[in-house]
Amino acid sequence: MDNLINGTNEVFTTTEYDYSDMVTPCQAKAARKFGSSILPTLYSLVFIFGLLGNMLVVLILIKYKKFKSMTDIYLLNLAISDLLFIFSIPFRIHYVVDEWIFGDPMCKIISGIYFLSFYSGSFFIILLTIDRYLAIVYAVFALKARTVFYGIITSIITWGLAILACSPGIIFHIAQGENGRITCAFHFPHQSHFGWNMFFTLQLNFIGLIFPMMVMTFCYACIINTLLRCRNEKKNKAVRLIFIIMIVYFLFWAPYNVVLLIQLFQADLSLDNCSKLNGIGIATQVTETLAIAHCCINPVIYAFAGEKFRKYTITFFRKHGGHHLSKYCVFLYREPLERASSTYSHSTGEQDISAVL
């Protein structure tokens with residue numbers, strides 16, 4: 001929540017206690033004012049679009065897809081991961097406007113949900129990448145490996161790893177009074193403050209950006225190499241989608257991770273005066289909001305960008321939206337549905353490409 005890791009302004013109140021050369025702690029008033037005026041609107045938009053998009057993914061998976069593949073299992077878990085974070089947003093909105101009024105147990109619970117959704121989301125994006133890699137590069141092996149059973153087993157293990165990764169964050173989150181307001185923030189032991197601070201920052205950087213980008217780069221490079229050897233009219237579309245996935249992930253997460261690193265070494269970079277701390281605080285809030293907005297993009301990239309999933313969505317709106325939507329979404333009633341239930345081609349090559357699409 002309001003701490004060094006997730007990027008709200010109270011980090012400076014906690015950090016400055018380590019600097020003996022400062023006369024009074026910097027309370028980062030400009031960053032707090034910015035957060036209370038801008039963040040509620042941004043969080044509300046993330047809440048609305050993220051809730052609608054991910055709930056629609058869950059609905060389509062249950063109603064039409066019926067969890068027939070490993071990909072469906074991972075998509076469901078990714079949507080659940082995003083929804084976990086989305087349900088915590090109302091608490092965050094109240095917090096940035098006023099103070100933490102929900103007590104210490106809820107501080108740990110909401111903070112735990114934040115980190116659990118962060119780690120599990122990164123893990124399931126990695127699993128979806130590996131799933132695509134197996135389906136295309138090792139198509140024969142994938143017939144045995146990419147089953148619903150293995151999807152469920154790996155999902156359970158993934159949630160276990162996410163809980164393990166977020167448990168220290170839950171332990172160190174405490175609700176207490178600071179500078180005239182109640183905060184829900186990290187409170188590390190004073191003697192090991194910098195060590196724990198570095199551990200959490202590097203952990204977030206590695207799991208949130210470095211490791212996923214390494215996996216994406218390797219897997220998608222192999223996928224592109226395979227697709228370029230395949231004679232199929234859909235391969236260009238598949239390659240474009242791969243680049244979109246990687247670029248979007250990098251653009252949403254890289255700024256936040258860079259700011260976290262700058263924040264960690266702010267004293268070494270001579271960024272520990274109040275004006276610069278306020279600037280870092282505002283930058284952290286903006287980049288964090290951009291990063292969490294990725295939960296709104298996940299349904300678009302991993303679900304609706306696929307041809308089959310998109311046609312299922314159109315089918316759903318046609319059946320349940322009635323003629324009210326026809327006035328505003330003409331494309332829903334213009335696109336034919338004759339192949340909505342059978343997007344996969346009979347050829348092996350097109351089945352492989354459909355794993356990307």
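Not measured: the values here are computed from a predicted model.
Checking side-chain atoms of R92 against main-chain N and O of Y43 turns up no donor-acceptor pair under 3.5 Å. Side chain of S36 to backbone of V97: no donor-acceptor contact under 3.5 angstrom is found.
Heavy-atom minimum distance, A79 versus V58: CB-CG2, 3.8 Å. The minimum heavy-atom distance between V57 and P299, with the atom names listed, is CG2-CB, 3.6 Å. Here the shortest heavy-atom pairing between L204 and L260 reads CD1-CD1, 4.2 Å. Looking at every heavy atom in both residues, S69 comes nearest to V148 through N-CG2, 3.7 Å. When all heavy atoms of P40 and S37 are compared, the closest pair comes out as CD-C, 4.1 Å. Contact between S117 and S81 at its shortest, heavy atoms only, is O-OG, 2.9 Å.
The shortest side-chain heavy-atom distance between F87 and I113 does not fall under the 4.5 Å cut-off. Counting only heavy atoms from C-beta outward, the side chains of I93 and S44 approach each other to under 4.5 Å. Two residues are said to be in side-chain contact when any heavy atoms from C-beta on lie closer than 4.5 Å; I110 and Y114 fail this criterion. A 4.5 Å side-chain heavy-atom check between F85 and L116 finds every atom pair outside the cut-off. Between L290 and Y256, the closest side-chain pair of non-hydrogen atoms is not below 4.5 Å. Inter-residue side-chain proximity for C107 and S111 is flagged as met; some heavy-atom pair is nearer than 4.5 Å. Between D131 and L127, every side-chain heavy-atom pair lies at or beyond the 4.5 Å cut-off. Residues I223 and R132 form a side-chain contact, since some pair of their non-hydrogen atoms from C-beta on lies under 4.5 Å apart.
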Using atom types as modelled, flag every donor-acceptor pair under 3.5 Å from a side chain in residues 154-166 to any protein atom, sequence neighbours excluded.
unit_1	atom_1	unit_2	atom_2	d
T154	OG1	Y74	OH	2.6
T154	OG1	Y150	O	2.8
T154	OG1	G151	O	3.1
S155	OG	N77	ND2	3.3
S155	OG	G151	O	2.7
T158	OG1	T154	O	2.7
W159	NE1	N77	OD1	2.7

Listing, residues 133-144 side-chain donor-acceptor contacts under 3.5 Å, not counting sequence neighbours, or none:
none

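Residues passing the side chain to side chain donor-acceptor pair (under 3.5 Å) test with S122, sequence neighbours excluded: none. Every side chain to side chain contact (heavy atoms under 4.5 Å, CB included) that V258 has, sequence neighbours left out, goes to I262.
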Subject >> Step-by-step ring-ring contact (aromatic ring centres under 6.0 Å, His included) determination, F188 to F186 >> reply: CA-CA 6 Å; F188 302 119; F186 270 112; 5.0 Å; yes
**OP:** Give the C-alpha distance, both sets of side-chain angles, the deciding distance and a yes or no for side chain to side chain contact (heavy atoms under 4.5 Å, CB included) between Y312 and K63.
**Re:** CA-CA 9 Å; Y312 280 137; K63 186 174 180 62; over 6 Å; no
**OP:** Mind running side chain to side chain contact (heavy atoms under 4.5 Å, CB included) on Y119 and Q203 for me, showing each step along the way?
**Re:** CA-CA 10 Å; Y119 290 123; Q203 182 186 36; 2.9 Å; yes
**OP:** Under the side chain to side chain contact (heavy atoms under 4.5 Å, CB included) rule, what do I125 and N298 come out as? Steps first, then yes or no, please.
**Re:** CA-CA 9 Å; I125 287 174; N298 281 338; 4.0 Å; yes
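Around atom CE of M246, more than 12 heavy atoms belonging to other residues, nucleotides or ligands sit under 6.0 Å away.
Evaluation of the salt bridge (charged side-chain N to carboxylate O under 4.0 Å, His left out) test over residues 67-81, restricted to residues two or more places apart or in two chains, returns K65-D72.
Using bins of under 30°, 30° to 60° and over 60° for the plane-to-plane angle, the ring pair F115/F200 lands in the tilted bin.
Looking at T71 and R146, their side chains do bring a donor and an acceptor atom within 3.5 Å of each other.
From Y249, atom OH reaches atom CE of M216 across 5.5 Å, with rounding to the nearest 0.5 Å. Expressed to the nearest 0.5 Å, how far CG of D104 lies from CD of Q176 amounts to 9.0 Å. To the nearest 0.5 angstrom, T183 atom OG1 is 9.5 Å from E99 atom CD. We find the CZ-CG distance between F124 and D82 to be 11.0 Å, quoted to the nearest 0.5 Å. Atom CZ of F91 is separated from atom CD1 of I109 by 8.5 Å, given to the nearest 0.5 angstrom. Here the CD1 atom belonging to I224 is positioned 11.5 Å from the SG atom belonging to C219, to the nearest 0.5 angstrom.
V248 and I245 fall within a single hydrophobic cluster, where Ile, Leu, Val, Met, Phe, Trp and Tyr are joined by side-chain heavy atoms under 4.5 Å apart, directly or via other members. In the hydrophobic cluster analysis, where Ile, Leu, Val, Met, Phe, Trp and Tyr join through side-chain heavy atoms closer than 4.5 angstrom, I170 is grouped apart from F172. Tracing side-chain contacts under 4.5 Å through hydrophobic residues (I, L, V, M, F, W, Y), one never reaches F199 starting from I171; they form parts of separate clusters. Note on M106: it does not cluster hydrophobically with I174, by side-chain heavy-atom contacts below 4.5 Å among ILVMFWY residues.
Applying the under-4.5 Å side-chain rule to Ile, Leu, Val, Met, Phe, Trp and Tyr, the cluster around F49 extends to L45.
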